[in-house]
Structure formats: C-alpha cells, structure tokens
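Data block below; observations after.
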Amino acid sequence: MEVLKIATAGSVDDGKSTLIGRLLYETNSLTQDKLDAIWKSSKSKGYDYPDLSLATDGLVAEREQGITIDVAHIYFSTENRRYIVADSPGHVEYTRNMITGTSTSQASIVLIDASKGVKEQTARHLFINKTLGIQQLIFAVNKMDLISYNEDVFLKICAEIKNLLLTQGIKSTHSFIIPVSALYGEAIAHPSEQMAWYSGPTLLKAMESLSTSDPAANNKARFTVQSVIRPEASKTYDFRGYAGRLNGGNLQKGDHLTILPGLQSATISDIHFFNQSYDKIQSGTSCTLLLDKDVDISRGSVLVRTDDVPELSRQINATLCWLDSNQLQVNRKYYLQQGTKTVQAKVKSVDAVYGIDFRPEASNTDQLELNEVAEVQIALSDPIINEDFTQHRSTGRFVLIDAITNNTVGLGLIRN
Amino acid sequence: MLNKTLVQNPLESEGIYIIREVAAQFNNPVLLFSGGKDSITLVHLARKAFAPGRIPFPLLHIDTGHNFKETITFRDALVEKYNLELIVRHVQDNIDRGDVIEEKGKYASRNGLQTQTLLDAIEEFKFDACIGGARRDEEKARAKERIFSVRDDFGQWNEKKQRPELFDLLNGRIHLGENVRVFPISNWTELDVWNYIEQENIELPSLYFAHWRDTFERDGLIWTADDSIVYRETDETITKRHVRFRTIGDMSCTAAVESSASNIQEVIQEIAESGISERGARIDDKRSEAAMELRKQQGYF
C-alpha cells in the first residue's frame, strides 16, 4: 500500500491536534480503548464531548499547557493509502521541532485560525516548507464555526494566502485552500452542510489526491557507503562488499562507477542482498555492492555513474537553518555530516539573513540565533559533493554538529 | 538480460539503513532482545543488513524471571540457529542485592524493575547504543521518540531537549557515559510488523498463536494463571481459554486475548478486525495516563 508522509504545522491554538484527532476519528482509526481513554480524560476536565486533541498530545507538559512541543508521529489509513502524520508544534520556540517533522514529509497541512487570519507563523511555516522543498501544500482554514461559517471571511483569508505565496515566490505543484471545523467535523471527511457555498474537496479528499512518489526518485544515482562488509569466516570465496543505500535513480550490474571523493573507477560486478544476487536496484534500496576490483572505499564514499560525476568542493554556499540555543559563531569549528560522510567545517560568512517577511536581507553578522535562517559560505576540511538541493534532495543537504556539545545545531541546504 | 530487480519494502530499507548506521557510528552497540515479535524482527533485519557477515553486536536479554517459558525456549533456539551472541542479565540479581524492591500486592510486576537491570548492564558492558524494537504507533510517549534517542549518564530521556533529527541524517555523537537508544522500526505499525513476518516467513514463539491456557479474568483482561508468578485472589477462578498473546512482556504484565488464529494470516485478519490497540493488553501501561513517559524518563526503553 502507498504511504504518504504529511506534516502538520500551525500556530498555538489553531486546533491542529484536534484536526488530527478528527482525521483519526473519521477514518475509524481510533481503537475502542483509545476512545475510552480520551473520554476518561475529557470528562475529568469537565467536557461533555470527546477532546480529540488528546489522541495525539502525549507528553505531560503538553497536556498541562495544551500545546504541542515535539513531533508526534501518527498513523492511520484509508482504503487507498496509509498516512504517517508528523504532528509538529507551531509555537515559534519549537520551530526546530517543526523542521524535524517537516524534513521527512512529502506534503504539509498548514493550519490557519479562521477567526484570526494569516499570521506571522503562517508565513514562517510556508517559508520552512519552501526551504525544505515541500511542494504539496494544503491550507486548512480551521475554526470556521467561530466565524459562523462566513464565506466572505474565508475569501479574504484565501486572498491573504495567495499574496503570501506570491511574496515568497512559492510555486507549489499541489495547493488547496479548504475551510474546515475540526471540532465539529465540517469538511474533514464529508462535505459540509454548514458551508454549502464551498464546492471544493474535503480535507481528506485533498489528501488522497497528493502524490506519494519518492521526491528523489528522479534525481541522479548516488550510492552512499555506510560500511565495508568483509566476513572473516568466508571460506569459499573472498567477499568484500560495500553496504549502503541508493539515493536517486537506479543502478545495474555492469555500470561503470566513479568513487567519490577519490575519483577511482570500478564496475559493479554484483548486487548482493541477503545471500542473493540481483541485476538492478532502484532509489531507496539498501543493499551491498560488489565491484570488479579492489579500490579504496570506506564509510562516507559515494558511488556515482562515471558519465555523471558531480562537482566536489571544499567551499560551499548554503541556506542554513540554525536549530540550537547556542548561537552560530562564524569561524568556529563544527562537524558537517552529508549522508554518511563527516568533515570539519567553519562558517566563513553570513551573507544574508531572512528577516521578518522572510526575504533575504544583506548582512555581515557573525552570529545566528536559534530558529534564524541565513545564506552562508562554509569552508571544509575535506571536499564534499557540491550539489544544489533542488537538483538532488539527498546529497544537497547536510547537518552541522557542535564539536563540543555533540548536538545537531544546523540544517543546511546546498545552493550551487 | 538484466532483469532481476531488487524490490524492497521501504520500511525494510529504512530499518537496515538505521541498523548499519548504528554498527558504523558506535563502538559498542547491543540489541535489546525481549523474545517478542518486534525484537525478533530486529534480529531478522540485522541478519539481512550484514549478510554474509555475522551481526556485529550481541543481543541483551533482561530476564525478569517472570518470562513465559516459551519465550526462553525460543530465544535459546534462535541464538543457536543463527550463531548469535547472547548476554542475559537477571532482575532477580538486583532484587537479591537489594538494589530494587519487589512490588507487593495484586498488581505486582517486575516490569518496572527491569530498568535498573538494564542500566546496570549498560554500565557493565559500556554499551553506547541500545537497539530496541519500540514503535511510534504503540503509545503516545513513544510517538514522540526520535530514531536516535540520546540518554544521559543516568539513562534518562529528556523529552523537551531531543535533538533535531533531519531527513535521514542520524547523529550518533555522544559524550562518554551517555548512550543512545535506537529504534529502527519506529515508523512501522503493528500490522506492518505482522505483514513483514508473513512476507519473510519469520519464526515466532508459539505464544503468538492460539492455544489452550489456564487463565483468570481481572479488570476485563485475561491473565495467565501461574500462581508461582502471578498473584491471584481466591475468588479469581481458573478457566481454560483458547488464547494468544498480541504483545509479549512479562507474564505479570501481559494479558492474553481469546482467539482462534493458529497461523500468521489468521492473526493478521484478527488484528485488522480488532477494536483494541496492541498495548491495550499491556497492564503496565494502564497504571496512569503517562505511565510510559515516566518509565522512559527513568531509563526504560
């Protein structure tokens, strides 16, 4: 069955958790014991209806404060496909968790409170989606019940959204704007009687129309080596295989490869997986490659077709999202991890910082704060593949790791 | 003709990728083996990840002393068959040393006590990564878990300070004394595990299939009647029921479900039709709304 990974993002109190709870409820995904637990909590709070937001908010602090702090992964399915929802926080303080949730998704639901309209947070969420290359967007204008299901208010919000898309230069392949009430289940799974004026798809119908295909499938073949497999006890033959995963494209036996960063050449002699031999692999496959000759390959090497060798560089430009409460310091040493390769890195300059309206503003700062996004230049101890994120979704991205705290402190998208 | 394409389930591909990352990024990983279907699936994935080589890390079983005998028999046969390295540590030893105190009363269980034994084993062997079979669909605190989940040197999970985890970029850097809990099947659902077991023809303990068993009923759940391990009141009468287990933990914290499913296809059918979640049969989760979160903060996996 197909799987769609979809992130939700919204401001505090947009009713995001209620919306997901509602989707679970409408698709019969809440088991009886979970429904019982929701009723039990709801009654203890004095509600006479099931508080569906309780289906997702897990942590004690989240329940106390009534907000989402960290990404919860929610699973449900319809007759057509399975969904993994990355339910992410909307509060600005937890933007890094939203980036975490959005990074593994193929689509996003952006929530807007109909009674409040488009907010700064909406623009931020759009900007994050754009930066992470998410092209399928659904705008759910929630809490329509609070504005008496008024069409004029909805149309005004639609205009604000379109304006925002224009300002940020976002051309999404799929985009829907849907008026809903998660609390009362209007236009979620069934057409709304309260909003007879709305003729578009329900939220669920819009979700069913999104594409589930691997966004990297059409990118070039990049086989990322995780380790070398050389069993000691191979008595019958001398086995030396390169364990890793293919990101993008496909590879087959007999393909001529170039090994990065060493630029040696070799040919695929066999594709091995669990004691069987194969001729061909597609993007996303974990397996072990055997080559026609012994070459210097280790963890972090990337195998590419000889007729398609990307540029290597010790200088890269990138969009950097800063995710740590300790500021980024220009010229301080960090580790940069691209795929399975780790090198040392220093941010040499911050050229532009995205401001309040999420447009780049020229800068000569030498620091970045938590949740700031900037265009930077980075110098590296060793060369990495310098491939634009929009050209390759897998090699075009990296994380920065603090050499002292070991925390993941930044996400980078290469701009070439 | 080159036509034999390796077609891989994306969940399997992801699981193998994660397990290989653990072997490459850590000095001394271990696979937490409970004898349940999820950890059995992990062993299968690890075999696939490193074939034709051996799994480059041992299995660790925390034996509460309240295990079903079928679990232990199965564990030993699996280790023998695939030439695995197994380490066993016993909760009883911690009780004998006085590190932990056995719970009393009707709901006494050793489930919570095993955290201490696990943390001791991590310290004894200096394990820096513990691979576990927890899944995000199981429970609301687990739904928030990262794939690489860093624990401090007290084994604690700090849910408000989780590292960002971006795309498939897994950061396993830690300080000496810390460890990482790794969950390769995070994104699988219960049904995914069963479908995979069927697809791969993975052997399971007989407990997962319907069998006759001495049981009694308490709080609407079916408990195993074994007076040496599970406390039973005099008015809780023993009845023979045809049951199977949907999840396997200790005898004192795992309830059975009535069933006629004798093979994997029938189990899958029953799960698909069931109105109860998997951990609905876990007595340990019913203690409070945040039972799992609290145990995780203390070092439970």
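Just so we're on the same page: letters track the sequence lines, and every chain starts at 1. All heavy atoms count here, side chains included; hydrogens, waters and symmetry mates do not.
Within a 6.0 Å sphere centred on CD of B:Glu203, heavy atoms belonging to other residues, nucleotides or ligands number 12 at most. The environment of CG in B:Asp219 is crowded: more than 12 heavy-atom neighbours from other residues, nucleotides or ligands sit within 6.0 Å.
The backbone N or O of A:Ile281 lies less than 3.5 Å from no partner atom in the side chain of B:Thr5, so there is not a single donor-acceptor pair. With hydrogens and angles ignored, the 3.5 Å screen pairs a side-chain donor or acceptor of A:Ser103 with a backbone N or O of B:Phe167. Between the side chain of A:His73 and the backbone N or O of B:Arg135, no donor-acceptor pair lies under 3.5 Å. Proximity of a side-chain donor or acceptor of A:Gln337 to a complementary backbone N or O of B:Leu170 within less than 3.5 Å is detected. With hydrogens and angles disregarded, a donor-acceptor distance shorter than 3.5 Å links the side chain of A:Thr100 to the backbone of B:Glu165. No donor-acceptor pair closer than 3.5 Å links the side chain of A:Lys280 to the backbone N or O of B:Leu6. Checked by atom type and distance alone, the side chain of B:Asn171 pairs as donor or acceptor with a backbone atom of A:Asn406 at under 3.5 Å. Side-chain atoms of B:Gln8 come within 3.5 Å of backbone N or O of A:Ser286 as a donor-acceptor pair. Using modelled atom types, no side-chain atom of A:Gln282 and backbone atom of B:Val7 make a donor-acceptor pair closer than 3.5 Å.
The two atoms that bring B:Pro52 and A:His272 nearest to each other are CD-NE2, 3.7 Å, heavy atoms only. The minimum heavy-atom distance linking B:Leu169 with A:Gly339 is given by the pair CD2-N, 3.4 Å.
Remark: A:Arg397 engages B:Asp168 in a salt bridge, criterion side-chain N to carboxylate O under 4.0 Å. A salt bridge does not link B:Glu21 with A:Arg245: none of the charged nitrogens is closer than 4.0 Å to a carboxylate oxygen.
If you tally non-hydrogen atom pairs under 4.5 Å between each of A:Ser325, A:Ala243, A:Ser227, A:Ser394 and chain B, the highest count goes to A:Ala243. Per-residue heavy-atom pair counts under 4.5 Å with chain A were compared for B:Gly172, B:Ala49, B:Gly53, and the maximum is reached by B:Gly53. Interface remark: of the candidates B:Glu12, B:His175, B:Glu178, B:His175 forms the most heavy-atom pairs closer than 4.5 Å to chain A.
Taking CD of B:Gln162 as the start and CG of A:Asn407 as the end, the distance is 12.0 Å to the nearest 0.5 Å. Here the OG1 atom belonging to A:Thr405 is positioned 13.5 Å from the CD1 atom belonging to B:Ile174, to the nearest 0.5 angstrom. Here the CD-NZ distance, from A:Gln276 to B:Lys48, works out to 9.0 Å after rounding to the nearest 0.5 Å. To the nearest 0.5 Å, the span separating NZ on B:Lys4 from CD on A:Gln252 amounts to 15.0 Å. Distance CZ/B:Arg146 to OG1/A:Thr408: 9.5 Å, rounded to 0.5 Å.
Only the side chain of B:Leu11 comes within contact range of chain A, with heavy atoms under 4.5 Å apart. The contact between A:Ile99 and chain B is made by backbone and side chain atoms together, counting heavy-atom distances below 4.5 Å. Proximity to chain B is absent for every atom of A:Leu251, based on heavy atoms less than 4.5 angstrom apart. The contact between B:Glu14 and chain A is made by backbone and side chain atoms together, counting heavy-atom distances below 4.5 Å. For chain A, no part of B:Pro10 is nearby; none of its heavy atoms comes within less than 4.5 Å. When heavy atoms are compared at a cutoff of 4.5 Å, A:Tyr335 approaches chain B solely by way of its side chain, counted from C-beta outward. Residue contact with chain B, scored on non-hydrogen atoms closer than 4.5 Å, involves the backbone of A:Ser277 exclusively.
For the residue pair A:Thr288 and B:Arg20, a side-chain donor N or O sits within less than 3.5 Å of a side-chain acceptor on the partner. In summary, the side chains of A:Tyr75 and B:Asn187 do present a donor paired with an acceptor at a separation below 3.5 Å, with no hydrogens or angles considered.
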Show, in sequence, the C-alpha distance, side-chain angles and deciding distance for A:Arg82 and B:Asp192, and conclude whether the side-chain contact (heavy atoms from CB on, under 4.5 Å) test is met. CA-CA 11 Å; A:Arg82 287 186 39 210; B:Asp192 290 327; 3.0 Å; yes
Do B:Ser13 and A:Thr285 pass the side-chain contact (heavy atoms from CB on, under 4.5 Å) test, and can you show the C-alpha distance, the side-chain angles, and the key distance before you say yes or no? CA-CA 6 Å; B:Ser13 166; A:Thr285 306; 5.6 Å; no
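At least one test fails for B:Arg47 against the ring of A:Phe274: distance under 6.0 Å to the centre or angle within 45° of the axis.
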